[in-house]
Amino acid sequence: MIGDKIPTTIRLPAEVYEKLRFLAYAERRSINGMVEHAIKAYIRQYEERSGPIVVPEPPEE
């Protein structure tokens, strides 16, 4: 859902950015969508090796 996404900023070396842009174009994704896809794939691989990551509930305000 769009409403639950947190905006972030990252800095990348130019070569990494250009490769990311190439991959995003090849997969018909936005650069943001490609970054999200890559991070989710990394998390999935990590959890397959190490088990689920348990994220604590944020404190109520």
Side-chain angles (χ1 to χ4, degrees):
M1 253 197 314
I2 265 183
D4 67 345
K5 293 189 177 188
I6 299 171
T8 61
T9 302
I10 61 171
R11 286 185 275 250
L12 301 170
E15 182 180 6
V16 171
Y17 177 81
E18 290 304 323
K19 289 180 179 183
L20 178 64
R21 192 168 70 89
F22 174 87
L23 292 171
Y25 177 81
E27 295 193 17
R28 297 178 178 231
R29 299 178 189 269
S30 65
I31 291 174
N32 188 76
M34 192 67 213
V35 169
E36 184 177 353
H37 174 74
I39 291 170
K40 286 178 177 179
Y42 179 80
I43 291 170
R44 189 170 39 257
Q45 290 170 4
Y46 179 92
E47 290 184 323
E48 286 172 1
R49 288 190 318 269
S50 304
I53 298 169
V54 178
V55 179
E57 291 291 322
E60 291 191 29
E61 295 181 19

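Note that these values count all heavy atoms, side chains included, but never hydrogens, waters or copies made by symmetry. Bear in mind that the values here come from a model prediction, so they are computed numbers and not experimental data.
The line from CD of E27 to CZ of F22 is 10.0 Å long, rounded to the nearest 0.5 Å. Here N32 contributes atom CG and T8 contributes atom OG1; the two are 7.0 Å apart, rounded to the nearest 0.5 Å.
Sorted by first and then second residue, the salt bridge (Lys or Arg N to Asp or Glu O under 4.0 Å) pairs involving residues 11-25 (not counting sequence neighbours) are E15-K19, E18-R21.
Residues E36 and K40 are paired through a salt bridge, judged by an N-O separation under 4.0 Å between the basic side chain and the carboxylate.
S30 approaches A24 most closely through the heavy-atom pair O-CB, 3.8 Å.
Tracing side-chain contacts under 4.5 Å through hydrophobic residues (I, L, V, M, F, W, Y), one never reaches Y25 starting from V35; they form parts of separate clusters. I6 and M34 fall into different hydrophobic clusters, where Ile, Leu, Val, Met, Phe, Trp and Tyr side chains are chained together by heavy-atom contacts under 4.5 Å. One hydrophobic cluster, built from ILVMFWY side chains closer than 4.5 Å, cannot hold both V54 and I39; they sit in different ones.
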